Amino acid sequence: MLEVRDLSVKYGNFTALHGVNLTVNPGEIVVLLGANGAGKSTLFRTLSGLQRPAGGSATWNGTPLTGGKPEFNVSHGVAQCPEGRLLFPQLSVQKNLRLGAYVHRRDPAGTEQALEHVYSLFPALVQKKHDPAGSLSGGQQQMVAIGRALMARPQLLLLDEPSLGLAPLVVEQVFQVLQQINQEGVSVLLAEQNAFAALGIAHRGYVMESGQITLQGTQNELMNDDRVRSAYLGV
Ligand code: ATP
């Protein structure tokens, strides 16, 4: 499981995360709701090993994720699909996907298997595999970004705002695939501003405000919470 305990992150004098506590149990989809600037991306960067915390701990199945070596975290089962996708637009879809498998570069058969699995999850990418990633629609680029993270064959997938800028129908498609990935045994931590779609597939969730967890609950509890309804569901 993912265990985040009292995690604090600072940028100079500015404290972006104040003692965050959060867990993701094996097999769960957990959503992290929060407005722009709440600290979601900071948490994800820290869990990916890209940002060192000022205090506290984050472990995956007991292994510390805070050593500052992203490739260590990936090779221990934690892969991130970052906000804004960060694809290489000139490289083909297939080359972008293969980049996600670099930690398994000594296992070519496993890499080919992972590639076939990504294409089975996102059949729309098959006919685009030789096209530059930058020529794809926003939704298809998001599929490539998720696929690239899956190429590392993670046990825990960190997804930062996968619905950003996508049409509602495409969001639905992407979230259906997330559910399928989860049913195949991958735990998911999902940062989202699209609370409606995210709560639709999540087992549990947390609300983050100004670098602190201010609310947590099951899917049902959050969907029926007045604060969540007015701040994130617009009802
Ligand atoms: P968004 O959805 O806009 O990415 P977020 O919830 O992911 O928002 P963060 O990007 O984690 O929020 O930012 C949290 C706070 O930390 C914000 O106030 C932001 O301005 C600040 N911050 C983020 N990165 C840095 C940085 N490199 N240096 C200084 N402050 C930063």
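Atoms within each ligand, like the ligands themselves, are counted from 1 in listed order. Since we're looking at a predicted model, the values are computed, not measured.
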Give the atoms of ligand 1, by number and element, whose distance to some non-hydrogen atom of E161 is under 4.0 Å. 2 (O)
Closest non-hydrogen atom pair, T66 against R52: O-CD, 3.6 Å
Can you name the closest pair of heavy atoms from M208 and G39 and give their distance? SD-C, 3.6 Å
Taking non-hydrogen atoms only, is F44 closer than 4.0 angstrom to ligand 1 via side chain, backbone, both or neither? neither
Quick check: closest heavy atoms across V31 and A198, and the distance to 0.1 Å? CG2-CB, 3.4 Å
Any atoms of ligand 1 less than 4.0 Å from a non-hydrogen atom of F14? List them with their elements. 15 (C), 16 (O), 18 (O), 21 (C)
Return the minimal non-hydrogen interatomic distance between G147 and F122, and the atom names on each side. N-CE1, 4.2 Å
Closest protein heavy atom (residue, atom, distance) for atom 30 (N) of ligand 1: Y11 CD1, 3.4 Å
Under 4.0 Å from atom 15 (C) of ligand 1, do we find at least one protein heavy atom? yes
Quick one: which ligand 1 atoms are inside 4.0 Å of a heavy atom on R45? 24 (N)
For K40, is there an ion pair with E161 - N to carboxylate O distance below 4.0 angstrom? yes
Shortest non-hydrogen pair, P154 vs A149, comes out as CD-O, 3.5 Å
Only heavy atoms of A38, strictly under 4.0 Å: list the atoms of ligand 1 that pass. 5 (P), 6 (O), 12 (O)
Of all the atoms in ligand 1, which lie at a distance below 4.0 Å from a heavy atom belonging to A35? 6 (O)
Can you tell me which residue and heavy atom of the protein come closest to atom 13 (O) of ligand 1, and the distance to 0.1 Å? T42 OG1, 3.8 Å
Return the closest protein heavy atom for atom 12 (O) of ligand 1 as residue, atom name and distance. G39 N, 3.1 Å
Atom 20 (O) of ligand 1 within contact range, any protein heavy atom under 4.0 Å: no
S135 side chain vs D131 backbone, donor-acceptor pair below 3.5 Å: no
So the atoms of ligand 1 within less than 4.0 Å of a heavy atom of A16 turn out to be 16 (O)
Protein heavy atom at shortest distance from atom 1 (P) of ligand 1: N36 OD1, 3.6 Å
Pair E112 + R98, salt bridge at N-O below 4.0 Å: yes
Compare all side-chain heavy atoms of M223 with those of V228 and state whether any distance is below 4.5 angstrom. no
Side-chain donor or acceptor of Y206 paired with backbone N/O of T23 under 3.5 Å: yes
Would you mind checking which non-hydrogen protein atom is closest to atom 8 (O) of ligand 1, with the distance to 0.1 Å? G37 N, 2.7 Å
How does S41 reach ligand 1, by side chain, by backbone, by both or by neither, if only non-hydrogen atoms under 4.0 Å count? both
